[in-house]
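Order of the sequence lines sets the chain letters (A, B, ...), proteins ahead of strands, with each chain counted from 1.
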Amino acid sequence: MARSRNQAPATKQQKKESMAVLKRLMAVLFRRYPIQLILVVISIIISVLANVQGTLFMQTLIDSYITPMVKSGGKDFGPLLDAIRRVLGFYLIGIFGTYFFNMLMTFVTQGMMKYLRDRMFTHMQGLPIRYFDNNAHGDIMSIYTNDIDALRQMISQSIPQLINASFTIVSVLVSMIVLSVPLTVVTLVMVFVMLAVTGKLAGLSGKYFVRQQEDIGKLNGNIEEMMNGQKVVKVFNHEEQAIEDFERLNDQLYDSASKANTYANVLMPANAQLGNVSYVLVAVIGGALALNGVTGLTLGKLASFLTFNKSFNMPISQVSQQMNFIVMAAAGAKRIFAMLDEEPEVDDGYVTLVNANVAEDGTITESEKRTGVWAWKHYHAADGTTTYQRLTGDVVMDGVNFGYVPEKIVLHDIKLYAKAGQKIAFVGATGAGKTTITNLINRFYDVEDGKIRYDGININKIKKADLRRSLGIVLQDTHLFTGTVAENIRYGKLDATDEEVKAAAKLANADHFIRHLPQGYDTVLTGDGANLSMGQRQLLAIARAAIADPPVLILDEATSSIDTRTEKIVQDGMDKLMAGRTTFVIAHRLSTIRNSDCIMVLDQGEIIERGNHEELIKEGGKYYQLYTGKVVNA
Amino acid sequence: MKTIAKEVKGYILVSILTPLFMLLEVAMELELPNLMATIIDKGVNAGNMSVILRTGVFMILAALVGLLAGILGGKFGAIAAAGLAKNLRSKMFRKIQDFSFSNIDKFSSSSLITRLTTDVTNVQNAYMMALRMGMRAPASMIVAMVMSFMVNPKIAMIYVYAVIFLVCVMAVIMPIVGGMFKKGFKQYDALNESVQENVSAIRVVKAYVRENYARERFTNASGGIYKIFIKIENILAFMMPIMMGTVYACILLISWNGAQFIVAGKLTTGELMQLLTYCMSILMSLMMLTMVFMMIMMSTASITRISEVINEEPSIHNPADPIMEIPNGDIVFDHVNFSYKQDSKDYVLEDINLSIKSGETIGVLGGTGSSKTTLVNLISRLYDVSTGSVKVGGHDVREYDLEALRDRVSVVLQQNVLFTGTIYDNLRWGDENATEEECRRVAKMACADEFIDRLPEGYNTKITQGGTNVSGGQRQRLCIARALLKKPAVLILDDSTSAVDTATDAKIRKAFREEIPGTTKLIIAQRISSVQDADRIIVMDEGHIDGIGTHEELLKNNAIYRDVYESQTGGGTGDFDEKEEA
C-alpha cells in the first residue's frame, strides 16, 4: 500500500511484523469464514457495479434523453421511462448487495470476536502461573477490551471499505478512461496530491495516536493505583500531592489527545477540499474541451465525468481514514497472537485420580460415586494393564531446588517427608519459602532439581488436573467470584446440594455471618467480595475448600485475619474433616500450628529445624525464638 | 447533563468556534454546486470561457476557505473535546480526594476507575462528534433544502417527503437499538469482570481445577454478547439499504420530473445537476445526524455515572473555624454510637465510653466483626460518629482541621497499599521533607531496615504497583515506618503486624516503647503476644467493650480474653483438644 509508506514513525522491522500479523489475522478470518467472505466480496462487487451503472445513467439522462427531447420538443417520454425502469433494477440489485454484505459482515465480525475471546480465555486458563506473574493484570485485561475492540473496528469497517473502495476505484477508473482520457489524467494527478497529503497527515496523527495510547496507559495506571489506595491517601493527607501527579499526566494526555484528534479531524476536510479542487479543475478543463469540441467530449459526458470524479475521490478519502484503525488493529492483533502463542502448561501425566472401594482383602476397585476413598489409577503402556494404588497422602521431597528465576534459587536442597494422615506445618520468616514449597507440590511451578513423590509416585507422572484435585488449597490471598455466597462455596464442588453448602459453611463457622447478610446465602458478592471483611472472606474460602472434601489439604495463612477464638472452632472442624488425611499448614500464629505432627522451620529457603512443638521448644533454636519473641544467643 | 456542561469551562470559545467553522465549511461546500451550475449554464452552454475561468477561480477560493474552516473546525473540536475530558477527569479526581471513607465505600474503587477512564472517553468522543457534526449536519441539510427550493420548489418537495420518511424510520429504530445497546454494554461489563476475576484468581481456578467451569461461564457470557450484538448490527445493517433506497428513489424521481421540466423549459440542465448534488448532501447529513444521536444516546449512561461522582456530597467537612493544633494524645470516647448507614439505629458500635491518656499503649482485641477497626477509625475522623463524641487532646475531633488532625493521628490501615516509586518515595508519604537519615531511622524502628539493606538497591529499590515485589510482612513493616515518619501524637496499628513473625513484632513494640514514649499507641491485633505488654487492653465483642484492663486483670476477670489466651498458648500441655467442647 503506497500510503503506509509515510505512516507513523515505525521502523521497517515493525512494519514487517505488522504486515505479518495482519496476514495471519486474515488467514484466520478466511479459514473460519471462507464462504461468507467470498459472498461478501461478490456482493460488494455487485453493489459497486450496480452503482456505477446508476452513475452512467447520468450520462444517458442528459445526452440521450433530455437533450434530444428538448431538441425535438418531444412529447415521447417512453424511452426515458424505460431507462429509469432499467436503472431502478440496477439500483435494487445494488441495494440488495449492500444489505447482503452488511448482514454477512455482522455474523463474520461478531463471530470472530466471540471466537477470539473464547479462544483467548480458554488458552489463558491453560497458561502456567508464571505467565500471570510476568504480565501485569491490567495489560492482560486490555487485550480483552482495547485490542479486541480495535480488531472489531477493522473487521467490520476497514475490511469491507477497503474491498468496496478498491472495486469502486477500479470500475470508476475504467469508466473515466472510457469517457475522457485527458480528464482522467487530471483526476489522477489530484489523487496523487491527495495521497501525499493523506500520508503526511496520517503519519503525524499516527505518531500522536501512539503517544496518546501511551499517555492513556500512564494515566490509567495512576488512576488505578490511586483509587485502590485512596484510603491511604486520605490517612496521609496526600490529596494535594496525588492531585499534582494526576494533573501532570492528565495534561500530557490532553496534549497528545488533542493533537492526535486534530490531525485525524483534518484528514477528512483536507481530502474533501482537495477533491473539490480536483472537481473544479476537471470542470474548467472539461468545460474548455467541451466548448472547443475536441476529444469528442459532450456536455452530458462532462456531467457524468464530474460525478465519477466525486465517486473516485470518495473511496480514497474513506480508505485514508481507515489507516489509523488498521494500524491500531495490527498492534492489537499482535498482542492477541502473542498471548495465543504463549506456551501452555505442559502435562505429561498419565496417572489419574479415581474414587475407590477397598474390599476386605485389600483389592481396590474404581467407583463412580464419592466414597471418601481415593486411588491412583496407573495405566501401564508396556503391558496394557491398569493397577490401582490407594491414595494415602504420603508426600516426600528429596533434594528439591527451585528458583522463580534461574539465577536466584529460593529453595535449597529441601528434604521433607509427610506421612499419610499427618499434619505438617511450615513456619519461618516471610520470604523463607513456605508458600513456594506448597506451590511445588501442586505443580504451580516445576522443580529445578530433585524429586517430589506423592504416595511414591513422581508427581510429574500424575495428571495435573488430578494432582490438583487431590489437594485442597486455601491460599494466602483470598479470591472470591462475582455470584452468590452459595455459588462461591459451591465452587469447591459444583454439584453440591444446598445442605452440603450449609454444612460446609457451618464447619468453617461462616454460617453465622452469612445468615446475617441481607439475602443470606443468596447475597451477591461483587468485586472480589469487597463488601465482606478480610476475616469473613477467609471463612468463605475455607468453606469452599471444606466442601471439596479433598484427600490432602494445604492451608496457606488461611486463618490469618480470623480471630483466634473463631479460628479454634474452624480448626476443630477442619481437623475432624481431615482426620486420617494429610494436611499442610503455613501460619504465623502459634495456635494454628501447635498441634501439628511435625513442624518444619524454614530459613532462607532451607529447612533448619524439624520436630513437633515440644521438641522444638526444648531445642531452643530458631523456632523457640520466633514464637516466644525472646532472642536466644546464637 | 448540566454538571457535564459546566466542565466545558476554559474551552467555551473553541466549543463555539468549532460549529461556526463547520458551518463555514458547509456554506462553502454548498456554494460549490451553485458555482458548478453557473459554469455549465452560463459558461459551457453560452460558450463563455471567461465565465468558466472566473467561476473556476471562485470555486477554488471556496474550496480553500472550506479547507481552512475544516482544519480549524477539526483542530478546535479536538481541543474542546480533549479539554472537556481533561476537566472531567480533573474534577472527578479532585472530588474523590475530598471523599470521606464512607463516600469511597459507596462507590468502590473499581467503579471509580471505570468512571475516570472509559466513561470520560465515551463523553469525549460524543462531544467531539456533537460539536463537529451536531450543527454541520442539520445546517447543511437546511441550506441544501433552501437552495433546492430556490431552484425548483416542486422538485424540492421530493426531499421533504424523503426526509420525513427517513425520520419516521429512525424514530422507530433508534429507541429499539439504543435500548439494546444499553443491555449489550451491561453484558460487556460483566464479561470484562469475569476476565478480571479469573486473571487475578488464577491460582484458585487452577487449584480447584475449574478451568472448564470458568470457560463455560465465560463462553456463556461471550455468547450472550454475540447474540445481542448480532441483533443490533442486523438492524443497523438494514438501515443502510433503506438510506440507499431513499437516495436512489430521489435521484430517479428528480431525473424523471427534471426531464419533464427541462422539456417544458422550466429547468436548465445545470440546475438539474445542482439538484442531484443537493440530494446527496441532504441524505448524508441525515445519516450523520443519526450517528450523532446514537453516540449521544450511548454516552448518556456515562454522563450519568460521571455526574454521580461530581455531585456526590463529601460526608465529612472541615469545620468553619478549625483548631489547627492538637495539644496532646489524650483520647476520649463519650457515649459513642456509630452506624455505617446514615440515620440508622443499626449500630455497629454501641455506647462506647473510653478515656486514654497521652503516651499510653492500648491493645485492642476481639473477634472477627467485633468492630475493632471501626472503633479506631473514629479517632482520625475517617468516619463521623452517629451520636456522642470522640475527643483527641481535649477537643472533639470535629473541631479540628482535618489535615492537622490526620497529621497528628497516624493510622496504619489493615488493607495497606504501597505506591509505585522507590522505598524512599513511599516512606516520604509520611513527611515529604524527611531526610534520608530520618527515613532510615523510622525504617529501623519498624524493623524494615534488615530486609531493605539486603535489597540490591537498598532504599532506592523500586516498589511495583500495589507493592507486589515485597512480601506481606515486608509491606506491613514499610507501612509502619511510613506512619512513624509523621511523628504522630497518636499511632494506630490496625492488625499491622499479622504477617510479621512474633520475634520481629516484639522488636517493633520495644522500639515504640523506647523511642516514642510520648505517643499514644493503639494496637489492634489477633495475637495475644502483640498486646499483652500494653498498659491496658480493650476487649471488643460485637460492638461493645467487653472489658478493659491489664493482661493480668483481664486474665482474671474477662472470659473472652482468657479464652483467647488459652487457645493461643494452650495450657502448657499438648492436650487442649480435649478441653474444648465439640
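Of the inter-residue distances, the one linking A/D118 atom CG with A/M113 atom CE reads 11.5 Å to the nearest 0.5 angstrom. Here A/N265 contributes atom CG and B/I79 contributes atom CD1; the two are 10.5 Å apart, rounded to the nearest 0.5 Å. With rounding to the nearest 0.5 angstrom, the NZ atom of A/K114 is 3.0 Å from the OG atom of B/S222. The CG atom of B/N212 lies 10.0 Å from the CG atom of A/L494; values are rounded to the nearest 0.5 Å. Of the inter-residue distances, the one linking B/E197 atom CD with B/F218 atom CZ reads 12.5 Å to the nearest 0.5 angstrom. A/L267 CG to A/Y263 OH: the interatomic distance, rounded to the nearest 0.5 Å, is 12.0 Å.
Salt-bridge annotation for A/D255 and A/K259: present, with a side-chain N of the basic residue lying under 4.0 Å from a carboxylate O of the acidic one. Salt bridge annotation for A/E247-B/R89: absent, with no cationic side-chain nitrogen under 4.0 angstrom from a carboxylate oxygen.
Taking A/T106, A/N102, A/V266 one by one and counting their heavy-atom pairs under 4.5 Å with chain B, the maximum is reached by A/T106. With chain B as the partner, the residue from A/M105, A/M124, A/M226 showing the most heavy-atom pairs under 4.5 Å is A/M226. Residue with the most contacts toward chain A among B/Y248, B/F76, B/F101: B/Y248 (heavy-atom pairs, distance under 4.5 Å). Ranked by heavy-atom pairs under 4.5 Å with chain A, the list B/L53, B/D495, B/I560, B/L191 is led by B/I560. Each of A/I84, A/I140, A/L127 has some count of heavy-atom pairs under 4.5 Å with chain B, and the biggest count is that of A/I84. Interface summary for chain B: among A/R117, A/M141, A/M103, A/K231, the most heavy-atom pairs under 4.5 angstrom belong to A/K231. The candidate with the highest count of non-hydrogen atom pairs below 4.5 Å against chain B, out of A/A548, A/G94, A/G111, A/A272, is A/G111. If you tally non-hydrogen atom pairs under 4.5 Å between each of B/E25, B/M28, B/K227, B/Q124 and chain A, the highest count goes to B/E25. Among the candidates B/T55, B/D407, B/I202, B/V411, the residue making the largest number of heavy-atom pairs closer than 4.5 Å to chain A is B/I202. In terms of heavy-atom pairs under 4.5 angstrom with chain A, the leader among B/A81, B/A80, B/A82 is B/A82. Comparing A/N442, A/L80, A/L92 by how many heavy-atom pairs each has under 4.5 Å with chain B, the most go to A/L80. Ranked by heavy-atom pairs shorter than 4.5 Å toward chain A, the options B/L64, B/T117, B/T504 are led by B/T117.
For chain B, the nearby part of A/F444 is the side chain; its heavy atoms alone come within less than 4.5 Å. With a 4.5 angstrom heavy-atom cutoff, B/L272 touches chain A only via side-chain atoms. When heavy atoms are compared at a cutoff of 4.5 Å, B/R132 approaches chain A solely by way of its side chain, counted from C-beta outward. For A/E240, no part lies under 4.5 angstrom from a heavy atom of chain B. Looking at A/I243, both its backbone and its side chain come within 4.5 Å of chain B, counting heavy atoms on both sides. When heavy atoms are compared at a cutoff of 4.5 Å, A/L475 approaches chain B solely by way of its side chain, counted from C-beta outward. Interface remark: A/T98 contributes side-chain atoms only to the contact with chain B (heavy atom separation under 4.5 Å). If you measure heavy-atom distances from B/A483 to chain A, the contacts under 4.5 Å come from both the backbone and the side chain. Only the side chain of B/Y188 has a heavy atom closer than 4.5 Å to any heavy atom of chain A. Residue contact with chain B, scored on non-hydrogen atoms closer than 4.5 Å, involves the backbone and the side chain of A/A545 alike. Heavy atoms closer than 4.5 Å to chain A are found nowhere in B/S380, neither backbone nor side chain. Contacts of A/F132 with chain B are made by side-chain atoms alone, with heavy-atom separations under 4.5 Å and no backbone atom involved. The contact between A/L253 and chain B is made entirely by side chain atoms (from C-beta outward), counting heavy-atom distances below 4.5 Å. Of the two parts of B/D505, neither the backbone nor the side chain holds a non-hydrogen atom closer than 4.5 Å to a non-hydrogen atom of chain A. Heavy-atom distances place the side chain of B/L413, and not its backbone, under 4.5 Å from chain A. For B/I71, the parts lying near chain A are the backbone and the side chain together; criterion is any non-hydrogen pair under 4.5 Å. Only the side chain of B/Y208 has a heavy atom closer than 4.5 Å to any heavy atom of chain A. Looking at B/L116, both its backbone and its side chain come within 4.5 Å of chain A, counting heavy atoms on both sides. Contact annotation for B/L402: only backbone heavy atoms (N, CA, C, O) come within less than 4.5 Å of a heavy atom of chain A. Residue B/K75 touches chain A through both its backbone and its side chain, counting heavy-atom pairs closer than 4.5 Å. The contact between A/A242 and chain B is made by backbone and side chain atoms together, counting heavy-atom distances below 4.5 Å. Neither the backbone nor the side chain of A/L274 comes within less than 4.5 Å of any heavy atom of chain B. Using a 4.5 Å cut-off between heavy atoms, B/I232 does not touch chain A at all. With a 4.5 angstrom heavy-atom cutoff, A/E557 does not touch chain B via any of its atoms. For A/L88, the parts lying under 4.5 angstrom from a heavy atom of chain B are both the backbone and the side chain.
With contacts defined as side-chain heavy-atom distances shorter than 4.5 Å, the pair B/Q97/A/Q230 qualifies. Looking only at side-chain heavy atoms (C-beta outward), B/C479 and B/L418 come within less than 4.5 Å of each other. A heavy-atom distance below 4.5 Å is found between the side chains of B/E211 and B/V209. Side chains of A/N439 and B/R203 form a contact here, defined as non-hydrogen atoms less than 4.5 Å apart. Residues A/Q241 and A/V233 fail the side-chain proximity criterion, which asks for heavy atoms closer than 4.5 Å. Between A/D251 and A/F246 there is no side-chain heavy-atom pair separated by less than 4.5 Å. Residues A/Q273 and B/L68 fail the side-chain proximity criterion, which asks for heavy atoms closer than 4.5 Å. Residues A/H238 and A/V232 are not in side-chain contact: their nearest non-hydrogen atoms beyond the backbone lie 4.5 Å or more apart.
The minimum heavy-atom distance between B/S410 and B/K486, with the atom names listed, is OG-CD, 3.7 Å. Closest approach of A/F481 and B/A201 over heavy atoms only: CZ-CB, 3.8 Å.
Although no hydrogens or angles enter the test, the distance criterion places no donor-acceptor pair under 3.5 Å between the side chain of A/K234 and the main chain of A/E239. A donor-acceptor pair under 3.5 Å links the side-chain atoms of B/T219 to the main chain of B/R215, judged by distance alone.
The aromatic rings of B/Y213 and A/Y491 lie perpendicular to each other, with more than 60° between the two planes, well past the 30° mark.
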